[in-house]
Amino acid sequence: MDSFTFPHFPCDKSTAHFALFRNVENAPSLRQRIVKVSTMPVPVGDSGARREDEVERDAVNFAFIDARLITSRTHLRTAIHQALLASVTPGAMRTRGVHSEILFNLNPTNNITESFKNFGLSDKSTSLLVVRIGPGASSFPSAASCHSAPRPVLTHEQIQSQVRELMKDAVIGSIVPLDDPEQGLASVTDWGAVKKLFKLNTEPAVKSLAGKPEEEHVVVDKIVTSAVAMKSVMQ
Amino acid sequence: MTSATLNLISSSKPISQGAEAAKSPPMLIKHRFKKKYRHESLDTTLTKARVAGEARLLLRCLKSGVNVPQILMVDASEGVLGIEWIEGQCVRKLLPGGEEPEEGREVFEEAEQSTLDASNPLRAYRITIDQLLGLIGTELAKLHKADIIHGDLTTSNMMVRHPSSFSPSKESGVPTELVLIDFGLSFVSTLVEDKAVDLYVLERAFASTHPDSEPMFASVLNAYAKVLTTKEWKAIKTRLDEVRMRGRKRSMVG
């Protein structure tokens with residue numbers, strides 16, 4: 001279990017908790033749950049929502065990212081940061097929620113369905129990065145608009161373990177540290193698939209490094225991360 | 001000051017690597033702040049277009065194999081571009097003559113620096129002047145091969161990565177790399193004229209900041225020519241000679 005903190009965002013979204021799940025066994029049923037939740041009627045007012053619906057919505061309220069297409073910690077961090085940025089900029093969101101915005105930002109094109117298909121959960125997924133945007137323990141002083149909210153004060157660790165339990169309830173698999181050299185992201189990334197998706201095989205930067213995988217991965221990671229960062233101003 | 005990006009800026013140190021949490025790569029924030037003298041909607045449109053343009057050019061460079069900083073964040077509505085922090089020094093300060101301070105305030109710091117680095121600031125980067133000039137030429141050739149015109153080539157807009165933050169490839173034998181920065185005035189063009197003017201601007205920058213610049217610029221061109229085909233180089237060389245005769249601007253007569 002790991003987190004990025006972004007103290008410059010409003011405190012209800014200043015933290016991104018994430019975990020890398022491997023050997024995921026319940027991808028098909030998880031996907032069905034998400035589809036079901038997303039087609040549930042949107043509650044109108046206070047009385048509209050049924051309690052069970054809300055609980056179910058919260059239980060799968062994560063970004064599920066296919067970890068094979070994530071090239072580095074910075075890549076993931078950039079996608080989350082740009083999604084948060086869109087969520088606080090009026091009119092900048094391209095999808096309905098901040099979690100789906102992460103998936104959208106990761107995709108090279110502006111097609112939302114395609115971005116879910118490429119980066120989202122599929123029935124065959126076995127390695128997933130699960131992300132939950134949430135409140136941080138400490139917030140930026142000048143951005144503290146929700147300090148008065150009657151929220152019980154929890155430490156970062158307490159929030160983290162709560163989120164971890166929620167994630168473990170949703171996903172059947174084993175959590176591995178992202179930076180683990182043998183089990184972590186480095187062993188999951190499918191560089192061929194990344195290059196194909198971003199059409200990098202014909203680019204001079206990548207072509208000139210054919211046969212030198214280590215250097216090539218550095219370059220591909222740079223390009224892909226930059227592409228995510230500049231998604232909002234892509235032509 | 002309610003926007004998240006502005007919070008980030010106010011918590012950063014100017015020209016420093018503050019604000020970012022541990023483990024995340026340090027970031028340089030380039031902020032095109034609001035110009036109060038311009039109409040607000042014009043200002044927003046211009047700023048957005050410039051941030052977007054610079055980001056697109058950087059990505060094009062990355063894809064073409066030109067060494068530039070990677071992009072880490074873009075907030076076009078606030079005029080903010082976040083790029084990778086390059087640990088190193090700009091070329092101006094590494095070549096003879098470039099150390100001279102531009103403002104009086106800097107004199108003291110610079111004096112200290114030069115005693116620390118002994119006589120040659122390049123020693124810390126483990127390359128010779130000739131190698132450095134070669135790197136410049138090669139990088140510019142890659143840039144122009146990708147039809148990107150930098151538009152503001154000076155020795156201040158090139159950085160040398162410090163060897164401690166660079167893992168060299170086995171063959172090249174050079175312990176560092178040259179990184180081009182500041183693509184604020186860049187554009188895409190296939191014209192020989194634009195490439196020649198780009199080189200001419202750099203030649204003038206060399207001449208005005210570094211004493212005895214002629215042989216230095218000649219070795220830059222030498223390395224530049226090696227990357228291009230003979231035909232490409234011939235066209236640019238001829239045009240560069242023309243530009244030298246008439247200056248950067250094309251004559252408006254006739």
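Chain letters run A, B, ... following the sequence lines, proteins first, then strands; residues in each count from 1. Excluded from the calculations below are hydrogen atoms, water molecules and symmetry mates; all remaining heavy atoms, backbone and side chain alike, are included.
- For the atom pair NE2 of A:His8 and CG of B:Leu8, the computed distance is 4.5 Å after rounding to the nearest 0.5 Å.
- Among A:Ala227, A:Ala92, A:Pro204, A:Ala86, the residue with the largest count of heavy-atom pairs under 4.5 Å with chain B is A:Pro204.
- Other residues, nucleotides and ligands contribute more than 12 heavy atoms inside 6.0 Å of the NZ atom of B:Lys30.
- To the nearest 0.5 Å, atoms CG (B:Leu72) and NE2 (A:His75) are separated by 12.0 Å.
- For A:Leu200, the part sitting under 4.5 Å from any heavy atom of chain B is the side chain, from C-beta outward, and nothing else.
- Only the side chain of A:Ser232 comes within contact range of chain B, with heavy atoms under 4.5 Å apart.
- Here the straight-line distance linking atom CG of B:Asn7 with atom CZ of A:Phe6 works out to 14.0 Å at 0.5 Å rounding.
- Atom NZ of A:Lys199 is separated from atom NZ of B:Lys63 by 9.5 Å, given to the nearest 0.5 angstrom.
- In this structure a side-chain-to-backbone donor-acceptor pair under 3.5 Å is present from A:Gln82 to B:Val74.
- Minimum heavy-atom separation, A:Leu85 to B:Met73: CD2-CE, 3.8 Å.
- Rounding to the nearest 0.5 Å gives a distance of 11.5 Å between OG1 of A:Thr74 and CE of B:Met27.
- Surrounding CD of A:Glu165 are more than 12 heavy atoms belonging to other residues, nucleotides or ligands, all under 6.0 Å away.
- Per-residue counts of heavy-atom pairs under 4.5 Å with chain A were compared for B:Leu81, B:Leu58, B:Ile71, B:Asp75; the largest is that of B:Ile71.
- One distance of note links OG of A:Ser226 with CZ of B:Arg60; it measures 15.5 Å at 0.5 Å rounding.
- Contact record, B:Gly65 with A:Ala205: N-CB, 3.2 Å, taken as the closest heavy-atom pair.
- At least one donor-acceptor pair under 3.5 Å links the side chain of B:Arg56 to the backbone N or O of A:Val233.
- Looking at B:Glu84, the atoms closer than 4.5 Å to chain A (heavy atoms on both sides) all sit in the side chain, from C-beta outward.
- The residue among B:Ala52, B:Gly82, B:Pro69, B:Ala146 with the most heavy atom pairs within less than 4.5 Å of chain A is B:Ala52.
- Closest of all the heavy-atom pairs between A:Lys222 and B:Val68 is NZ-O, 4.0 Å.
- Heavy-atom contacts from other residues, nucleotides or ligands closer than 6.0 Å to NZ of A:Lys13 number more than 12.
- At most 12 non-hydrogen atoms from other residues, nucleotides or ligands lie less than 6.0 angstrom from NZ of B:Lys237.
- Closest approach of B:Leu59 to A:Ile223, counting heavy atoms only: CD1-O, 3.7 Å.
- The shortest heavy-atom contact between B:Gln70 and A:Asp221 is OE1-O, 4.3 Å.
- In the displayed structure, B:Phe187 atom CZ is contacted under 6.0 Å by more than 12 heavy atoms of other residues, nucleotides or ligands.
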